[in-house]
Amino acid sequence: MKREIFLLLFTGLLFFGTGGFHRAYGMDTEECLACHMDSDIVGDALLVTDSFSRTPHADLGCSACHEAMDEHPDDGEEVAGLGCEYCHDEISAEYLKTEHADYVSCTDCHNPHAARGLAVSSGDAMDQQCFRCHDRDESLDRHARWLPLTDLHIARISCVTCHTQILDYAIDLHLIRQDRVTGGRLNSRICNYDELKDYLGTDDLAGLIDTNRDQYISLDELRSFNRHPEYAALHLDGILIPLKMSHQIGTLDSRYDCSFCHEPGPERMQTSFLVLPNADGSFLHIPVEQGAVINATHGIPDFYMVGSTRNASLDLAGLILICAGLIMPVVHGTLRFLTRKNRRH
């Protein structure tokens, strides 16, 4: 009896030690990627790009979502996987209450082999996801029924800023280039990684503004960048984004109120990040000095929000004008009061 137990234990150890576990209970990640990162083997439909290795899902491994298989499916068949709700249960419950859930699933918006989260995304990249289903021109037409300067608002406010319940916001600052097009009109576009690298002649994109490389953008550094003659073709522009993500997608009545954004010095205008593209398609976020965005003179002169942005020089000039305007009636009224007895005769 003892001999049989010993042989059973020895066989089990040998089985696990020689990789029998993987053969019986599923392949490991390296084995999966050996084929699924080669389009010649699996084709584009089942291809996993190199960006997968930089996602949180890669730390879990393929078998975490694609449950253990006794054998690989036939060529061309999709590998069965767990639903997103298995791990993201709270998000899934939140999303299922929205109208979007009737039309699209999680993977229609989020590629699980490329999803890297809000911290390495950008407002523009998030909007591109929305415009995959919602035609941009059609969206502009629908918003134009009530929203003035529609194209400007759509370009400066990410979709999820108005269409989720989040109330804590920041501003993503992108580097843009302005080129003259037909008719002399300026065409602005966000610079991609290759374009900035070629323009600067280096892959140290952060050093363009973060000159002391401390991973923090001060108002002085912004002022220096804005005044630098070599960077005349580059400008900073902003997109209002949520500081955290919500899947409570819908149309909110509060966003019809202009004062939601256009009010003096709102807290949501204080926080901003310089967002720079990385070679792998992700984005680097560098914190910017608090309140820099609302300083139109030295901070972001090309990003202006009526009722929020401040210009110290203009504030002083306005105060002088107000005081000058008061001088005449005050002096005139004072003189009339002092000479009132003389006027009686």
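Remember, it's a predicted structure, so these values are computed and weren't measured experimentally.
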Is a donor on one side and an acceptor on the other found under 3.5 Å between the side chain of His332 and the backbone of Met328? no

Salt bridge or not between Asp194 and Lys197? Use side-chain N to carboxylate O under 4.0 Å. no

Are Arg132 and Gln129 packed together at the side-chain level, in the sense that at least one heavy-atom pair is separated by less than 4.5 angstrom? yes

Taking Val160's backbone N and O only, do any of them form a donor-acceptor pair with Thr164's side chain (distance below 3.5 Å, no angle check)? yes

I'd like to know if the side chain of Asp108 and the backbone of Ser105 have a donor-acceptor N/O pair within less than 3.5 Å. yes

Honestly curious: do Ile286 and Leu234 fall in one hydrophobic cluster under the side-chain, below-4.5 Å linking rule? yes

May I ask you to decide if His174's main-chain N or O and Asp237's side chain share a donor-acceptor pair within less than 3.5 Å? no

Ionic contact status for Arg213 with Asp204, cut-off 4.0 Å: yes

With a 3.5 Å distance limit and no angle check, can you tell me whether Asp38 reaches the backbone of Asp40 through a side-chain donor-acceptor pair? yes

Centres of the His228 and Tyr231 rings: under 6.0 Å? yes

Asn278 backbone acceptor or donor facing Ser282 side chain under 3.5 Å: no

How about Phe225 and Leu208: do any of their side-chain heavy atoms sit closer than 4.5 Å? yes

So, taking the atom named SG in Cys323 and the one named CG in Leu319, what distance separates them when rounded to the nearest 0.5 Å? 4.5 Å

Hey, does the side chain of His247 reach the backbone of Ile91 with a donor-acceptor pair shorter than 3.5 angstrom? no

Show your working on side-chain contact (heavy atoms from CB on, under 4.5 Å) between Phe52 and His36 and close with a plain yes or no. CA-CA 11 Å; Phe52 173 68; His36 285 275; over 6 Å; no

Do the rings of Tyr95 and His100 sit parallel, tilted or perpendicular, given the 30° and 60° boundaries? tilted

Going by heavy atoms in the side chains, are Leu175 and Leu236 under 4.5 Å from each other? yes

Nearest 0.5 Å, what's the OG-CZ distance between Ser121 and Phe283? 6.5 Å

With the side chain counted from C-beta on, respond yes when Asp280 and Tyr193 share a heavy-atom pair under 4.5 Å apart, and no when they do not. no

